[in-house]
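What follows is one structure encoded as C-alpha cells, with my remarks underneath.
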Number of protein chains: 2
Amino acid sequence: MKWDEIENEVCSVSRTLAVVGDRWTMLIIRDAFLRVRRFDDFQKNLGMSRHRLSERLKKLVDYGVLKKEAYQANRYEYRLTEKGLELYPILISMAKWGDKWMDDGKGVPMLYKHNPCGHHYSPMVVCSECGEPIDPHDVTPQIGPGKFHNSRAHSACIEKAS
Amino acid sequence: MKWDEIENEVCSVSRTLAVVGDRWTMLIIRDAFLRVRRFDDFQKNLGMSRHRLSERLKKLVDYGVLKKEAYQANRYEYRLTEKGLELYPILISMAKWGDKWMDDGKGVPMLYKHNPCGHHYSPMVVCSECGEPIDPHDVTPQIGPGKFHNSRAHSACIEKAS
DNA sequence: CGCCATCAGTTCCAAAATGGAACCTAAAGC
DNA sequence: GCTTTAGGTTCCATTTTGGAACTGATGGCG
C-alpha cells in the first residue's frame, strides 16, 4: 500500500494523518498557532524549501485547515480555520510529550499560560463523560458503525484487542 | 534544512516529530495500542512494505517507545513502553479530529469505552491547573528556560505571537 | 527423521518525494 | 523608472519509499 491511499482507510487516525502526517505539515501548523501567517515567515522559521512549503500550504488550504486571504494586492496571509484550530489538542499533546521525553536537560523550550486561570499549564486528557483522566489501559476500543460492514481493515486486530 | 535535523531544534513539537513524524510511524503506534505485537501482524494490518516496517520498528525500539522481547526462540513481540504509552493523548486526539472532520457519512469507525465509567467517551483536553477545557485563543505561549539563551529558533515568531 | 509452514526479517531495484539553488512576476517604496 | 519585497515556480541531484523476491531459523507433523 502507498501512503496516499491511507485517506481511504476506515480509520480516523489514518484519515487525520492523510492531512497532517506529511513531513513539515505539523510544524507549519505549530507556526500558524504562533501567529505566523506569511509565506516568507514560514519559510525562514522552518528552514524548509520554498518548493515544499508552497505545496504543503496548498494542500492545507485544499483540506480547509488553512485559509488564504489577500492582505494587499498580490500579498497573502494563511490563517487557521475552525478545522485547523481544532488540531490544537494534537499539537499541545505533542509539545507535552516532547517536554517530558525528549528533554535535553536545559529546561522546556516553551511555557504556555492559560489566561483564564493565569497559570502555566500542561494539557490533561480527561473523559468527556465522567471527567476523569484517561489511562489507556482503561479504554476498550470497539468497532463502530462506520467499520461494521467493512470486510477489510482491522477486524482481526480488534478481536485480538478485546 | 533537512528533516533529520529537526530533532535538534529547541522545540518539543519538533523533537516529538523526530520520533513519530515519519510515514507509518503513528499507524504502527495505533496498532500497538490495539494489541498488535508481531512483525507479520503489523505488516498485514498496515499493508506497508516489510522493509520500511523493519526500519521503523528498529527506530522506535532505539528511541525507547517500543521494546522487543522474544516470546519463543527467534520469535519477537514489540510492546509499548511507558514512553510509548504516553503517546496516547496524541493518538486519541487524532482519532477525535478525524471522527469530526474527515467523516465519510457512514458513522465513526471506532468507539472507545471508558471502563471506569462505562460510557463511550471522547477525549477532552483540560488545563492541568484549573481543570477547564482549553481554548487555544486563551493560551499565551512564552519562551521557556530551554530556549532563553538560544539565538536561533523562533524568537521572532514568538514576539509576534505575544 | 525429513518435509513443509511460519515468522522475522534482508536484499535489490524502480518509482516517488524531498532539498536547494536559481529564476520569475507583480506590486510598493523612493 | 529603479530597486526591493513578497510569493511563488522550475529544474535537477539526492533521499526515501514500495514491492517483490530471497534467506534462515524454528516448530509441527506424519
Side-chain angles (χ1 to χ4, degrees), chain A residues 1-9 14 17-28 31-32 35-63 66-79 156-157 160, chain B residues 1-9 14 17-28 31-32 35-63 66-79 156-157 160:
Chain A
M1 186 164 65
K2 285 183 192 156
W3 180 251
D4 55 317
E5 295 167 38
I6 63 164
E7 185 172 350
N8 307 117
E9 291 290 297
S14 296
L17 287 168
V19 181
V20 301
D22 288 312
R23 276 188 181 181
W24 301 109
T25 300
M26 278 307 291
L27 293 175
I28 292 172
D31 272 15
R35 277 80 163 177
V36 177
R37 303 196 207 290
R38 299 183 186 175
F39 191 93
D40 280 26
D41 289 337
F42 281 112
Q43 202 276 318
K44 284 188 195 91
N45 280 336
L46 295 170
M48 66 186 291
S49 82
R50 308 174 71 74
H51 191 9
R52 212 71 358 238
L53 176 60
S54 168
E55 201 225 40
R56 292 288 186 263
L57 288 172
K58 208 168 294 175
K59 187 176 166 185
L60 288 171
V61 170
D62 286 348
Y63 272 118
L66 296 177
K67 59 192 168 202
K68 181 179 180 178
E69 282 168 0
Y71 65 92
Q72 260 186 17
N74 256 42
R75 299 291 149 92
Y76 304 97
E77 284 191 336
Y78 293 90
R79 284 163 174 270
C157 83
K160 249 174 270 167
Chain B
M1 186 164 64
K2 285 184 191 158
W3 179 251
D4 55 315
E5 293 167 39
I6 64 164
E7 185 173 351
N8 307 117
E9 292 290 299
S14 297
L17 287 168
V19 181
V20 300
D22 288 312
R23 278 188 179 181
W24 301 109
T25 301
M26 277 307 292
L27 293 175
I28 293 172
D31 271 15
R35 277 79 162 178
V36 177
R37 304 196 207 288
R38 299 182 186 177
F39 191 93
D40 279 27
D41 289 336
F42 281 113
Q43 202 277 319
K44 284 188 196 92
N45 281 335
L46 294 170
M48 67 185 292
S49 82
R50 308 175 71 76
H51 190 9
R52 210 76 350 244
L53 175 60
S54 168
E55 201 225 41
R56 292 288 187 263
L57 288 172
K58 208 168 294 176
K59 187 175 167 186
L60 287 170
V61 170
D62 286 348
Y63 272 118
L66 297 177
K67 59 191 167 202
K68 180 179 180 178
E69 281 167 2
Y71 65 92
Q72 260 187 16
N74 257 42
R75 300 289 151 93
Y76 304 96
E77 285 191 334
Y78 294 91
R79 284 163 174 270
C157 83
K160 249 174 270 166

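Chain identifiers are assigned alphabetically (A, B, ...) following the order of the sequence lines, protein sequences preceding nucleic acid strands; residue numbering begins at 1 within each chain. Owing to the predicted nature of the structure, the values given are computational and were not obtained by experimental measurement.
Residue contacts shown for F42(A) are absent, as no nucleic acid heavy atom lies under 4.0 Å away. Residue contacts shown for Q72(A) are limited to sugar-phosphate atoms, with no base heavy atom under 4.0 Å away. Using a 4.0 Å heavy-atom criterion, one finds that Y76(B) contacts the sugar-phosphate atoms exclusively. At a threshold of 4.0 angstrom between heavy atoms, the contacts of D40(A) include nucleobase atoms, whether or not backbone atoms are also involved. Looking at heavy-atom distances under 4.0 Å, K68(B) makes contact with sugar-phosphate atoms alone, never a base.
Rounded to whole Å, the distance from CG on N74(A) to P on dA28(C) is 8 Å. Residue E55(B) contributes atom CD, which lies 17 Å from atom P of dC12(C) at whole-angstrom precision. Going from atom CG of L53(B) over to atom P of dC7(C) covers 14 Å, rounded to whole Å. When rounded to the nearest whole Å, the span between CG of D4(B) and C1' of dT18(C) equals 12 Å.
Side chains of M1(B) and I6(B) form a contact here, defined as non-hydrogen atoms less than 4.5 Å apart. Side chains of L57(A) and L53(A) form a contact here, defined as non-hydrogen atoms less than 4.5 Å apart. Residues K59(B) and D22(B) are in side-chain contact: their nearest non-hydrogen atoms beyond the backbone lie under 4.5 Å apart. At a threshold of 4.5 Å between non-hydrogen side-chain atoms, the residues M48(A) and F42(A) do not count as touching. When side chains are defined from C-beta on, R50(A) counts as touching D40(A), because their heavy atoms get closer than 4.5 Å.
The A73(A) side chain lies nearest to dA28(C) when the options are dA28(C), dC7(C), dA26(C).
The side-chain contact (heavy atoms from CB on, under 4.5 Å) test applied to R79(B) returns R37(B), K67(B), E69(B), E77(B), not counting sequence neighbours. By the side chain to side chain donor-acceptor pair (under 3.5 Å) test, E7(B) pairs with Y63(B), sequence neighbours left out. Applying the side-chain contact (heavy atoms from CB on, under 4.5 Å) criterion to K2(B), with sequence neighbours excluded, gives D4(B), E5(B). Residues that satisfy the side chain to side chain donor-acceptor pair (under 3.5 Å) test with W24(A), not counting sequence neighbours, are absent from this structure. Residues that satisfy the salt bridge (Lys or Arg N to Asp or Glu O under 4.0 Å) test with R75(A), not counting sequence neighbours, are absent from this structure. Legend: residues meeting side-chain contact (heavy atoms from CB on, under 4.5 Å) with K68(B), ordered by chain and number and at least two apart, are V61(B), Y76(B), Y78(B). Scanning for salt bridge (Lys or Arg N to Asp or Glu O under 4.0 Å) contacts around R52(B) gives E55(B), with sequence neighbours left out.
When each of L57(B) and W24(A) is assigned the nucleotide of DNA chain C with its nearest heavy atom, L57(B) is the one assigned upstream, toward the 5' end. The nearest heavy atom of DNA chain D to R23(A) and to E77(A) marks one nucleotide each, and the one closer to the 5' end goes with E77(A).
The side chain of R52(A) contributes an N or O atom lying less than 4.0 Å from OP1 or OP2 of dT18(C). Here K44(B) does not reach the OP1 or OP2 of dA8(C): none of its side-chain N or O atoms lies under 4.0 Å away. Between W3(B) and dA17(C), a side-chain N or O to OP1/OP2 separation shorter than 4.0 Å is absent. Close to dG9(C), at under 4.0 Å from its OP1 or OP2, lies no side-chain N or O of S54(B). Here Y78(B) reaches the OP1 or OP2 of dG9(C): one of its side-chain N or O atoms lies under 4.0 Å away.
One end of the helix from dC1(C)-dG30(D) to dC30(C)-dG1(D) points its axis 10° away from the other end's axis, with each axis taken from 5 pairs and the angle rounded to 10°.
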Scan nucleotides 20-23 of chain C against the protein and return all N/O pairs shorter than 3.5 Å with their distances rounded to 0.1 Å.
from: dG20(C); atom 1: OP2; to: M1(B); atom 2: N; distance (Å): 2.6
from: dG20(C); atom 1: OP2; to: M1(B); atom 2: O; distance (Å): 3.3

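No hydrogens or angles were tested; on distance alone, a donor-acceptor pair under 3.5 Å links the side chain of R75(B) to the base of dT6(C).
Reading DNA chain D from its 5' end, the first and the last nucleotide to sit under 4.0 Å from a heavy atom of chain B are dT17(D) to dG27(D).
The minimum heavy-atom distance linking T25(A) with V20(A) is given by the pair CG2-CA, 3.7 Å.
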